[in-house]
Amino acid sequence: EAWPYPVRIETFGRFRVEIDERELQTGRKNPALLFDLLKLVAAAGDSGIAISAVLDALWKHSDGDAATNAFANVLHRLRKTLALEEAILSRDGKLRLNPAKVHTDVMALDRLAETVSARSKASKPMADPDHLIARLFAIYRGHFLGEDDALPQFVAAGQRFRNTFVSVVIGIADECQ
């Protein structure tokens, strides 16, 4: 993960955002709704999240037009807060983080899980399981969002990431037998 990403997002253990290596401060100028939107998009990983799912999660009590307008406003403010318009991509009715501009521990965990799974399926021996374990623990520093349960989607994502973590550990352990 050495690429110099302008935006880095940590979600395991706590929620933290860095822009050009400076931590983004939360406060009155950055209301929780901005960060809830960012957390939802980050939790979706590379596949992204349907805008309709975002509207349902964050504006479930608003009518269609009001929800859509509020979403557009918050997305605009979030992009401005991240100081990078192309940090969040919107395509085919989905939002996702731009992997060329944004690094997240969620995407790093997914990539590591894919690597371990591919090696297991191909019956390729893992050259350095200690290195993989060290990478895993560097990525997964605790529960997703520190067990933030403000939205049911966060709880579900946390469970999914715990399962991925366990799967990676088992995959590496199987190779060490």
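Keep in mind that this is a model prediction, so the values were computed, not measured. All residue numbers in this chain count up from 1 along the given sequence.
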Report summary line: Taken to the nearest 0.5 Å, the spacing of Arg14 CZ from Arg141 CZ works out to 7.5 Å
**Report entry** Listed partners of Glu23 passing side-chain hydrogen bond (donor to acceptor under 3.5 Å, both in side chains), at least two apart
**Finding:** Arg16
Under 3.5 Å, sequence neighbours excluded: what are the donor-acceptor pairs made by side chains of residues 152-172?
| residue | atom | partner | partner atom | Å |
| --- | --- | --- | --- | --- |
| Gln159 | OE1 | Arg162 | NH2 | 3.3 |
| Gln159 | NE2 | Asn163 | OD1 | 3.0 |
| Arg160 | NH2 | Ala43 | O | 2.7 |
| Arg162 | NH1 | His143 | ND1 | 3.0 |
| Asn163 | ND2 | Gln159 | O | 3.4 |
| Thr164 | OG1 | Arg160 | O | 3.1 |

Query raised in the report: Just by modelled atom types, is the Ile88 backbone N or O under 3.5 Å from a matching donor or acceptor in the Arg79 side chain?
Result: yes
Query raised in the report: Closest heavy-atom contact between Phe12 and Gly142?
Result: CB-O, 3.4 Å
Query raised in the report: Checking side-chain contact (heavy atoms from CB on, under 4.5 Å) for the pair Glu18/Ile9: CA distance, chi angles, key distance, verdict?
Result: CA-CA 6 Å; Glu18 280 185 7; Ile9 302 170; over 6 Å; no
Requested in this report: State whether Tyr5 and Lys101 meet the cation-pi test: NZ (Lys) or CZ (Arg) under 6.0 Å from the six-membered ring centroid, and within 45° of the perpendicular axis.
Outcome: no
Query raised in the report: Under 3.5 Å, is there a donor-acceptor pair between the side chain of Asn98 and the main chain of Glu86?
Result: yes
Report task. Without swapping roles, check the side chain of Asn69 against the backbone of Asp65 for a donor-acceptor pair under 3.5 Å. Result -> yes
Query raised in the report: Any sub-3.5 Å donor-acceptor pair from Ser117's side-chain atoms to Ala113's backbone N or O?
Result: no
Query - Set of side-chain hydrogen bond (donor to acceptor under 3.5 Å, both in side chains) partners for Asp46, sequence neighbours left out - result: Arg96
Report task. Identify the two heavy atoms, one from Leu34 and one from Val74, that lie closest to each other, and give their separation to 0.1 Å. Result -> CD2-O, 3.4 Å
Query raised in the report: Under 4.5 Å between any side-chain heavy atoms of Leu95 and Phe71, yes or no?
Result: yes
